[in-house]
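Structure first, then comments.
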Amino acid sequence: MADNPNTNEVPIPPADAERSSRSCRYCIVGCSYEVFKWPVGEEGGPDAADNALDVDYPAGYGDWPSPNMHQIIEENGQEYHVIFRPNPDAEVNNGSHSVRGGTQAQSLYSKHNEDYDDRLKQPQIRIGGSLTPVDWDTALEVVARVTEYATRDEPNGYGMKMYAYQFVENTFAGSKLIFDVIGSPNFGFHNRPAYTPESPGVEHSGLYDWSTSYEDAAKAETMVIAGGDPYENQDVYFHEYVDAGSADIIQINPRRTFTANYAENNDGLFLQINEATDPVLLNAIARHIVDQGWHDQAFVDEWVMDDRDAIDEEGWYQEEFGMTPDEYIDLLQSDDRYAPENAAEITGIDATDIRDAAERIAQPDSDQTQTLFTYEKGLIWGWSHENTAAMANLALLTGSVGHEGTGITRLGGHQEGWWEGGPGGEVIAEHSTQSFTGEHVEDVPIPPNTIERVRNGEIDHWHVIGNDPLRHEHDTQSLRNRVRERTSGSQPQTADVGDIMAAFRERIDDGGMVVTHQEIYPNSTTEYADIVLPAKAVEAGEDSNHHRWNGERRFRHYASFMQGPPNARPDWEIFADIGRRLGANDMDWESSDDLFDHLAAEHGDSYPYHIEALDEKAQQDGTTPTEVMRDLDADGVRLPARLEDGEIEGTPRLHTPDGEEMPGDGRFFTDSGKAIFMRVDWDRVADVYEQLTPDCEAGELWVTNGRLNRLWQNMYTHQRLEYISKRYEQNVLQLHPNDAAERDIEAGDLVEVINDDVYNQYSENEQGSFTAVAYVVDDEDAVQGQTVPEGLAFTYWLYPGQVANDIVPGYLDPANPNPGYKYATGRVRRLGESDQKDRMSFHPENVAPE
Ligand SMILES: Nc1nc2c(c(=O)[nH]1)N[C@H]1C(S)=C(S)[C@@H](COP(=O)(O)OP(=O)(O)OC[C@H]3O[C@@H](n4cnc5c(=O)[nH]c(N)nc54)[C@H](O)[C@@H]3O)O[C@H]1N2
Ligand SMILES: Nc1nc2c(c(=O)[nH]1)N[C@H]1C(S)=C(S)[C@@H](COP(=O)(O)OP(=O)(O)OC[C@H]3O[C@@H](n4cnc5c(=O)[nH]c(N)nc54)[C@H](O)[C@@H]3O)O[C@H]1N2
Ligand code: SF4
Ligand SMILES: [Mo]
């Protein structure tokens with residue numbers, strides 16, 4: 001590691017410093033940033049006229065970039081200063097940032113950075129057991145020939161696991177490779193094993209899971225936040241919109257987080273739900289609404305489908321789960337488990353609070369509610385159908401869609417950037433060998449669970465791009481064991497393509513598998529890779545221009561401003577090269593701009609986004625879609641985009657009453673333009689719930705998992721950035737003091753979490769375990785309550801080397817194979833003291849302003 005030249009001083013960019021616009025490399029909010037770059041040795045002056053920031057110095061807080069927003073990079077022997085600061089004039093963030101975004105200058109590729117030596121810089125192939133540098137031609141020729149061999153009988157021998165979000169140019173090229181060029185159905189997104197919707201209950205009801213605008217949070221009167229924590233995970237949305245508004249928050253979470261206390265301290269409600277019981281709570285709220293007659297009958301009559309045949313014709317999912325309003329209300333009222341008193345028993349929430357929540361949601365005194373429904377992974381990574389469908393039902397029942405201050409939306413993870421480049425649905429219908437049989441449908445083909453196929457031998461070449469499945473998938477300990485077994489056969493001994501292919505063919509013939517990992521840093525999956533392809537970090541400004549959108553569909557241009565490791569290549573270019581080697585003749589884009597222009601002109605009508613207007617505008621003005629986007633700068637355009645009086649206009653929210661903003665047929669995404677209630681039935685999951693529930697007698701706890709504010713994902717940047725990583729030197733296990741005392745555990749002890757019987761749908765249960773540092777807060781210090789209740793622990797899910805997903809159950813919804821990642825259990829035992837025991841304070845982190 002080289003010395004970091006950063007001090008407490010930051011150079012002022014000269015007036016002619018190169019300026020470009022992009023958004024944060026991290027979360028969904030997509031805060032806008034400005035980048036200034038100029039040669040080392042030059043500097044601007046304190047007068048506004050003499051600097052690129054247009055500020056007269058000295059100036060106050062907010063007008064000067066912090067040392068964390070400065071970096072020195074080197075290109076072709078020349079050093080440059082880079083200032084990377086939140087854009088003070090951008091609509092989304094208005095100059096605001098989080099600790100993650102505000103430190104991203106420190107993650108740029110620079111010899112002054114800790115991670116400089118650690119970036120993947122050269123293609124590698126495991127030869128004689130070690131990853132060995134090779135040239136691009138050797139590496140990509142092997143990738144193409146292994147793919148050919150793996151798919152020699154049928155296309156299912158190839159499996160791809162790729163991000164959905166890392167810019168439209170990359171996802172377009174990657175999904176074209178698998179669906180169009182190779183024709184395999186074995187696709188898994190970066191966070192789940194299959195090509196499934198993340199919010200099936202919302203999408204199949206005809207709602208879009210990104211239909212609101214950020215202003216709606218500021219204008220709502222009631223805001224439901226279920227299984228999500230925007231203070232921790234979507235910071236600037238919380239600060240600039242939620243906190244700036246005056247909605248009563250209803251936070252639904254098993255943990256009393258900051259957001260829970262914030263809700264209570266500001267006239268809202270905290271519903272501290274028992275783990276995994278949300279469908280019962282949400283149905284009980286809906287039941288109380290209909291029992292009281294508080295639902296929006298006029299909306300339901302006009303906008304919710306009541307014709308059974310028409311529902312069935314929408315597709316098998318609607319046939320299986322869709323309900324007419326009468327059927328839905330009958331389900332709520334005929335099942336006594338949903339009566340608030342009975343629901344209280346399962347969910348742990350008082351009937352009075354359930355009724356209170358129902359009233360705040362339905363707002364019986366107004367004709368039009370101002371209720372906004374938001375949710376994220378606490379619902380999605382559980383009973384993903386029931387949890388998301390129950391939220392959609394509540395929004396429809398109360399007519400809370402399409403008006404200011406209402407709606408239903410995910411809070412979100414990454415910014416979004418999925419643009420399908422091949423016929424995914426058709427390939428799955430033709431080649432998937434996985435099917436679903438339910439109450440109303442039989443043997444319908446569904447997207448394959450690719451993780452199962454890696455385990456059972458169907459996938460012979462596994463191509464993993466920009467994600468770390470051996471850390472983030474379910475049941476990772478046994479998955480790693482299986483992948484180790486399947487990659488341990490015959491090994492290449494020289495860098496000759498013929499020798500390498502002979503070894504790989506032999507391995508595949510023996511039931512083994514070849515793993516290709518396309519990445520920017522080594523991680524858990526790289527340890528098992530045979531072929532490593534180094535990518536440019538385009539999210540950090542390297543190499544090429546790109547586009548994606550945030551949680552209100554705000555589509556923006558990310559201008560490249562630096563090269564990155566010279567011999568790495570952007571993902572779209574790697575996909576195109578592999579595609580051409582496999583015979584594609586339409587993957588010869590000259591640049592990412594060329595690819596984007598093609599996409600806007602030829603594929604601009606991707607559901608439900610529509611960017612054709614960019615191409616129309618470009619033709620009108622004699623320019624290109626890329627240039628149109630560049631001119632839209634920090635504020636971009638909220639999709640769908642349209643051309644009005646020669647200018648690009650956006651769409652603040654979807655599902656408005658006239659539906660005019662939609663280029664399609666109607667207000668909702670169904671053939672009739674009407675929405676559909678979805679069956680949410682606790683019986684569908686009750687058996688699995690029983691099996692997953694921890695055995696308290698045997699000392700088991702729920703061990704749920706999720707995010708911490710300062711850490712981003714598998715910590716690919718943060719494990720290499722001391723400023724952040726020293727705050728969490730090991731994984732964390734939040735424990736209730738009574739659970740800790742029973743096990744002789746104190747704050748700062750090193751503990752082990754063991755699951756002796758990690759649930760597996762195929763009854764091949766195995767053991768899993770990980771270690772962490774116990775975070776225990778004494779009752780007298782817990783001034784606003786304990787974060788975790790008795791019987792439940794919480795851990796960070798992607799900590800390097802202390803992998804929480806080693807105990808995560810292999811439950812996937814049979815209709816829509818999404819994992820129940822949140823529903824893990826385990827025994828906790830003390831190993832000894834951690835080295836942090838005497839150095840850290842372990843004070844509560846959930847204290848919100850009164
Ligand atoms: N700081 C930070 N922010 C991030 C990320 C990050 O790595 N770090 N990652 C981004 C990504 S990719 C994503 S997907 C989002 C995720 O954003 P969130 O979904 O908000 O994050 P999580 O912490 O995974 O889960 C949210 C909450 O679900 C709760 N939960 C657990 N089990 C249940 C349950 O049974 N019912 C209910 N109602 N709640 C439950 C947990 O206690 C937790 O507080 O965050 C994004 N933002
Ligand atoms: N128990 C449990 N499990 C979960 C979840 C949970 O809440 N609980 N959440 C799920 C969710 S929502 C998520 S998002 C996943 C996250 O799981 P992963 O997707 O595996 O985690 P990330 O750290 O986001 O992985 C991104 C990787 O991409 C690399 N990278 C960055 N930029 C580029 C690029 O331009 N090209 C390439 N090729 N690589 C790049 C980074 O180095 C990093 O290793 O975990 C899922 N698993
Ligand atoms: S809130 Fe999200 S997008 Fe904004 S600066 Fe933080 S990590 Fe980046
Ligand atoms: Mo995510």
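Positions are given from 1, in the same order as the sequence printed here. First listed ligand is number 1; within each ligand, the first listed atom is number 1.
- Cation-pi geometry between Arg22 and Tyr33 is not satisfied (NZ or CZ under 6.0 Å from the ring centre, within 45° of the ring normal).
- A tilted orientation is assigned to the rings of Trp549 and Phe555, their planes being inclined by 30° to 60°.
- The side chain of Tyr823, and not its backbone, has at least one atom closer than 4.0 Å to an atom of ligand 1 (non-hydrogen atoms only; side chain from C-beta on).
- Remark: aromatic rings of Tyr338 and Trp682 are distant, center separation not under 6.0 Å.
- Residue contacts with ligand 3 include Tyr33, since one or more of its heavy atoms lies under 4.0 Å from the ligand.
- For atom 8 (Fe) of ligand 3, the nearby protein N/O/S atoms, meaning those under 2.8 Å, are Cys24 SG.
- For the pair Leu411 and ligand 1, no heavy-atom separation below 4.0 Å is found.
- Of the protein's non-hydrogen atoms, the one nearest atom 38 (N) of ligand 1 is Asp278 OD2, 2.8 Å.
- If you look at Arg100 next to ligand 1, the close heavy atoms, those under 4.0 Å, all belong to the side chain.
- If you look at Leu708 next to ligand 1, the close heavy atoms, those under 4.0 Å, all belong to the backbone.
- Of the N or O atoms in Glu376, none lie within a sub-3.5 Å distance of an N or O in ligand 1.
- For Gly412, the heavy-atom gap to ligand 1 drops under 4.0 angstrom.
- Here the heavy atom of the protein found nearest to atom 14 (S) of ligand 1 is Lys377 NZ, 2.8 Å.
- Counting only heavy atoms from C-beta outward, the side chains of Ile28 and Glu416 approach each other to under 4.5 Å.
- In this structure, the protein non-hydrogen atom closest to atom 9 (N) of ligand 1 is Gln713 OE1, 2.9 Å.
- Looking only at protein heavy atoms, the nearest one to atom 11 (C) of ligand 1 is Gly413 CA, 3.2 Å.
- Ring planes of Tyr241 and Tyr214: tilted class, angle from 30 to 60°.
- Assignment of Gly382 to the shell around ligand 1 is not supported, since no heavy atom sits closer than 4.0 Å.
- Classification of the Trp712-Tyr26 ring pair by plane angle, with boundaries at 30° and 60°, yields tilted.
- The distance from ligand 1 to the heavy atoms of Ile252 drops below 4.0 Å at these ligand atoms: 38 (N).
- Protein heavy atom closest to atom 31 (C) of ligand 1, with residue, atom name and distance, is Thr704 OG1, 3.3 Å.
- Here the heavy atom of the protein found nearest to atom 28 (O) of ligand 1 is Gly378 CA, 3.3 Å.
- Geometrically, Arg255 engages Phe794 in a cation-pi contact defined by less than 6.0 Å to the ring centre and at most 45° from the axis.
- No part of Asn191 comes within 4.0 Å of ligand 1, judged by heavy-atom distances.
- Atoms of ligand 1 found under 4.0 Å from any heavy atom of Ala276 (numbered from 1 in listed order, with element): 35 (O).
- Relative to the six-membered ring of Tyr521, Arg720 meets both conditions, a distance below 6.0 Å and an angle of at most 45° to the axis.
- The closest donor-acceptor contact from the side chain of Asn846 to the backbone of Gly785 lies under 3.5 Å.
- Heavy atoms of Arg707 found under 4.0 angstrom from ligand 1 belong to the backbone as well as the side chain.
- Applying the 4.0 Å criterion to heavy atoms of Gly227 picks out, from ligand 1, the atoms 19 (O), 26 (C), 27 (C), 28 (O), 37 (C), 38 (N), 39 (N).
- Considering only non-hydrogen protein atoms, atom 29 (C) of ligand 1 sits nearest to Asn253 OD1, 3.4 Å.
- Using a 4.0 Å heavy-atom cutoff, Thr259 is absent from the residues neighbouring ligand 1.
- Panel note: side chain Asn816, backbone Thr196; no donor-acceptor pair is recorded below 3.5 Å.
- Under a 4.0 angstrom heavy-atom cut-off, Trp797 registers as being in contact with ligand 1.
- For residues 226-235, the pairs satisfying salt bridge (charged side-chain N to carboxylate O under 4.0 Å, His left out) are Arg100-Asp235, with sequence neighbours left out.
- Asn387 places a side-chain N or O within 3.5 Å of a backbone atom of Leu379 that can act as its donor or acceptor partner.
- When each of Ile225, Val847, Ile249 is checked for a side-chain contact (heavy atoms from CB on, under 4.5 Å) with Tyr262, only Ile249 meets the rule.
- Proximity to Asn709 (heavy-atom distance under 4.0 Å) selects the following atoms of ligand 1: 1 (N).
- Scanning all protein heavy atoms for the shortest distance to atom 2 (C) of ligand 1 gives Leu711 O, 3.5 Å.
- Backbone and side-chain nitrogen or oxygen atoms of Cys27 are examined, and none is located within less than 3.5 angstrom of a nitrogen or oxygen of ligand 1.
- Residue contacts with ligand 1 for Asn233 involve both N, CA, C or O and side-chain atoms from C-beta outward (heavy atoms, distance under 4.0 Å).
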